[in-house]
There are 2 protein chains.
Amino acid sequence: MATRGAYAKGIVKREQILTTALEVIARNGYRHASVRELADAVGLSQAGLLHYFSSKEELFTAILRKRDEVDFATYVAEAGRSAEAFFAVIAHNAEVPGLVRLYAQLSVEAVEADHPAHAYFVERSERFRNAFADLIRAEQAAGHTDAELDPVLAGGLFLAAADGLQTQWLLDPTIDMVAHLRLLWSLVTSGRTDS
Amino acid sequence: MATRGAYAKGIVKREQILTTALEVIARNGYRHASVRELADAVGLSQAGLLHYFSSKEELFTAILRKRDEVDFATYVAEAGRSAEAFFAVIAHNAEVPGLVRLYAQLSVEAVEADHPAHAYFVERSERFRNAFADLIRAEQAAGHTDAELDPVLAGGLFLAAADGLQTQWLLDPTIDMVAHLRLLWSLVTSGRTDS
DNA sequence: GTCTATATCGTGATAGAC
DNA sequence: GTCTATCACGATATAGAC
């Protein structure tokens, strides 16, 4: 609000574009994750869209950041930092195949160290691994989980399983991502197959 | 051996190309999984390479099939159908980043139902999920694992974790894929963090 | 601020010489 | 059987009009 009018307006438009992009990608849509395809979807020309985001990678990274932000605000606000909040995010993912696909696609492209989205994925991985580790430590503190279990290793396992399940699910949408992750959670918390 | 000379020779050359491609991709190499890039690497022109494989997707799918075949012959022959054989394959993967990357890249592209490699990945997923399920059933039969555990669900979890760990590892090569999977195995077989 | 038009590049695939 | 040369396409990015 302290910024100049024109500049602030640009920011607002950027946000609007991201919000629209999220909706439109989520529903399904598009195959190639190209700027033109997304431009059509949000009602701008390709050049018009790149007026707000200076490159393709910046655009798509911004979309994924926005998604994280929205998911966090929606599900963590609702259920707190809990395994249930995490399951709710995953269950939601099953409703937004286009986003899942964009994430999978970009995450593979970004393994190259000099890819513009590399830092985003590294940072995100670390954040999620630590978040899972914290959940596990809480279970350990409550005496529900073996104290010998390495929380960071187990946290990495959750992250990997969540990512891998997305690819499996894209390949075969009858796969139940949440059921798999609940199983993993029950194994970690020393429960068994019962939910 | 019962085939005509010229035809058999073509087959042999195809195999040679695949073997060379495996070596050359494995070591590291190339970024874009393009035909031209691979052609340079195996010492052919792009057109020359496509003389043996009629499309890009056929070529790369053939490479991944060959990889599966070689891995199976190497590690399953050595350790039988066991968790250890599986860990050995994963440990080997950490030596061949280029192949891991090709796999990750193609598996995401192939989620589209009409992609030429779609059937390969669907079939492969099923095969691995079932193989893991069999391992778990054997543990259950031996009384090492909770009989209530759903073997197919747990098998899917292994597959997803293995896939997801590859992306994590590509992003950050200090990740120990085998350690994560051993942890999962120990959780499934009711052991804990001890190997 | 947004458009049309275009420059430039990399891709897979093909034609045709040798 | 393998090459060089080329085509057709789709991509990102940019120039410049309005």
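Quick caveat: nothing in here was measured; it's all calculated off a predicted structure.
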Undergrad: Let me know the distance between CD of A:Q46 and P of C:dA7, rounded to the nearest Å.
TA: 15 Å

Undergrad: Ignoring the backbone of A:A47, work out which of C:dG12, C:dC3, D:dA13 is nearest its side chain.
TA: C:dC3

Undergrad: Would you indicate which nucleotide in C:dC3, D:dG1, D:dC3 comes nearest to any side-chain atom of B:H51?
TA: D:dG1

Undergrad: Roughly, in whole Å, what's the span from CZ in B:F53 to P in C:dA13?
TA: 13 Å

Undergrad: Output the rounded distance in Å from CG (B:L50) to C1' (D:dT4).
TA: 15 Å

Undergrad: Starting the side chain at C-beta, find the nucleotide from C:dA5, D:dC3, D:dT12 nearest to B:L44.
TA: D:dC3

Undergrad: State, with a plain yes or no, whether a side-chain heavy atom of B:F158 is found less than 4.5 Å away from one of B:L135.
TA: no

Undergrad: Rounded off to whole Å, could you give me the CZ-to-C1' distance for the A:R36 and C:dA5 pair?
TA: 10 Å

Undergrad: Whole angstroms only, please: what is the NZ-P distance between B:K56 and D:dA8?
TA: 21 Å

Undergrad: Return the value, rounded to whole Å, for the distance between atom NE2 of A:H32 and atom P of D:dC9.
TA: 15 Å

Undergrad: Give a yes or no on whether a salt bridge exists between A:E126 and A:R129, defined as a side-chain N under 4.0 angstrom from a carboxylate O.
TA: no

Undergrad: Any heavy-atom pair between the side chains of B:R101 and B:R31 that's under 4.5 Å?
TA: yes

Undergrad: Rounded to whole angstroms, how far apart are CZ on B:R31 and P on C:dG10?
TA: 13 Å

Undergrad: Answer with base, sugar-phosphate or nothing: what part of the nucleic acid does B:S34 contact at a heavy-atom distance below 4.0 Å?
TA: sugar-phosphate

Undergrad: Rounded to whole angstrom units, what separation is found between the NZ atom of A:K9 and the P atom of C:dG1?
TA: 6 Å

Undergrad: For B:R81, look at atom CZ and say whether over 12 heavy atoms of other residues, nucleotides or ligands are found less than 6.0 Å away.
TA: no

